[in-house]
Amino acid sequence: SEVEATTSELLGCYETAEDPDGDPLNASYLWSFAGGGLIVNSQNLQLTPLLVSPGDQLSCTATVADPHGGFDTLNSDLVTIVNTPPTIHSILVSPEMGVVNTGTLTCLIASSDVDGPQPTAEYKWINVSTGTDIGHDPSLTLDPSIASAGDVIECVAVVEDSDGATAQASDQVVVKNGAPLIDGVEIVPDMGIDSETVLTCLASATDPDGTTIIPTYSWRNASEGTDLGEGDVLELTNETASPDDLIICMVEAIDADGGEDASSAAVLVENRLPVIDDVTLTVANAEGNVITLPQLVNVLSQFTGSASASD
């Protein structure tokens, strides 16, 4: 019969013998390969990958001798060296947290094979939440077509040694929602503004998850502490704004998963110079009676003027 052992096991050789004359017996042991070649003279044999390889066969020869020169020899069953499967010592999906659905994941493993060279590795990425295979390389770049916020992404690593034995391990991460980002806010025009100017608020926002974000706008007169309305366009009036008032456009971006960002811009209402709309000239004589211009000749006259203006 055959006995199997791996390349790192400890083998022991034990005999059962007796002497019919009742003399004490001395035992010795010899380990050798089945095809020839001595290994060691010892009762125990510590196997190592440097000493044996899968497929090797070896046996122990036990010899007993009495004090008078009598002896007997017997070979053990053959020991066949079998392959030891490779080992995955650790597996890690990096980064462990904080990845959004446009980020990149890397599957890191530490593996070895006591029987031979470094085992080869194969990878499979699975979106556990949707049940779909999404990749087969050590690294995986996500995109919104294969992953969404909250999805569980798993890396399954399989290593195989030169004898075809395998080992498997896996690790998982959860896709995080990426908050939108407002790239900038601008009010047009940003100068020469009076209390009757039409203002437009311009903003753009991006979402790392790849979804389209439409910003929302609101206006406020910070100097008066009053809300002026919503929307990207605001028409100022004398009732809503005065010179030196600070007008703020507040922009907010919210994605479908509740992530948000906010930003703002402000402009200052400027004072306008008053404008004379018309000038009226009247001519009166000394008694205060208005006379026509032709009557002015050789007449002592008193001139008064009035004007109206608006701001």
Side-chain angles (χ1 to χ4, degrees), residues 94-105 140-151 173-281 305-311:
S94 178
E96 297 180 79
M97 59 182 63
V99 68
V100 298
N101 70 348
T102 54
T104 298
L105 296 171
L140 173 69
T141 298
L142 301 174
D143 66 68
S145 68
I146 61 175
S148 303
D151 284 355
V173 295
V174 178
V175 179
K176 174 183 176 294
N177 176 53
L181 176 65
I182 296 175
D183 303 313
V185 180
E186 178 185 6
I187 298 177
V188 178
D190 60 356
M191 60 179 55
I193 299 165
D194 58 49
S195 58
E196 294 181 336
T197 300
V198 176
L199 300 176
T200 301
C201 195
L202 305 175
S204 60
T206 57
D207 187 3
D209 301 317
T211 58
T212 300
I213 300 296
I214 301 177
T216 58
Y217 305 85
S218 61
W219 297 86
R220 184 171 179 81
N221 186 324
S223 301
E224 297 294 331
T226 55
D227 295 328
L228 303 180
E230 298 180 349
D232 59 341
V233 177
L234 172 69
E235 183 176 356
L236 298 177
T237 66
N238 289 326
E239 289 73 27
T240 60
S242 302
D244 298 326
D245 281 355
L246 189 67
I247 307 300
I248 298 178
C249 171
M250 296 171 290
V251 182
E252 188 175 32
I254 304 176
D255 64 17
D257 297 294
E260 61 183 295
D261 189 24
S263 187
S264 64
V267 292
L268 190 66
V269 179
E270 300 177 10
N271 179 52
R272 289 180 291 177
L273 296 176
V275 177
I276 298 177
D277 300 317
D278 188 24
V279 176
T280 301
L281 182 66
S306 64
S308 61
S310 61
D311 184 359

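Everything numeric here is computed off the predicted structure, so don't read it as measured data.
Distance CD1/Ile187 to CG/Leu234: 9.0 Å, rounded to 0.5 Å. Note that the OG atom of Ser195 and the CG atom of Asn271 stand 9.0 Å from one another [nearest 0.5 Å]. To the nearest 0.5 angstrom, Leu268 atom CG is 11.0 Å from Met191 atom CE.
A donor-acceptor contact shorter than 3.5 Å is absent between the side chain of Glu235 and the backbone of Val198. No donor-acceptor pair closer than 3.5 Å links the side chain of Thr197 to the backbone N or O of Leu199. Within the 3.5 Å criterion, the main-chain N or O of Ile182 finds a donor-acceptor partner in the side chain of Asp261. Arg220 contributes no side-chain N or O that, together with a main-chain N or O of Leu228, makes up a donor-acceptor pair within less than 3.5 Å.
Residue Val267 comes nearest to Pro189 through the heavy atom pair CG1-O, 4.0 Å, listed as atom of the first residue, atom of the second, then distance. Of all non-hydrogen atoms in Ile193 and Asp190, the two that sit nearest each other are CD1-C, 3.9 Å. The heavy-atom pair separating Ala205 from Ala253 by the smallest distance is CB-CB, 3.9 Å. Heavy-atom minimum distance, Val185 versus Ala265: CG1-CB, 3.7 Å. Minimum heavy-atom separation, Lys176 to Gly98: CD-CA, 3.7 Å. Minimum heavy-atom separation, Arg272 to Glu196: NH1-OE1, 3.4 Å.
Applying the 6.0 Å contact sphere to CD of Glu270 captures more than 12 heavy atoms from other residues, nucleotides or ligands.
If you run side chain to side chain contact (heavy atoms under 4.5 Å, CB included) between Pro180 and each of Ile254, Asp255, Thr206, only Asp255 comes through.
Between Leu105 and Leu142 the shortest side-chain heavy-atom distance falls below 4.5 Å. Looking at heavy atoms from C-beta onward, Leu236 lies out of side-chain contact with Trp219 at the 4.5 angstrom threshold.
For residues 96-105, the side chain to side chain donor-acceptor pair (under 3.5 Å) pairs, not counting sequence neighbours, are Thr104-Thr141.
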- Kindly determine whether Val175 and Ser148 satisfy side chain to side chain contact (heavy atoms under 4.5 Å, CB included), including the steps that lead there. CA-CA 7 Å; Val175 179; Ser148 303; over 6 Å; no

Between side-chain atoms of residues 244-252 and protein atoms elsewhere (two or more places apart, or another chain), which donor-acceptor pairs fall under 3.5 Å?
from   : atom 1 : to     : atom 2 : distance (Å)
Asp245 : OD2    : Asn221 : ND2    : 3.0
Asp245 : OD2    : Ser242 : N      : 2.8

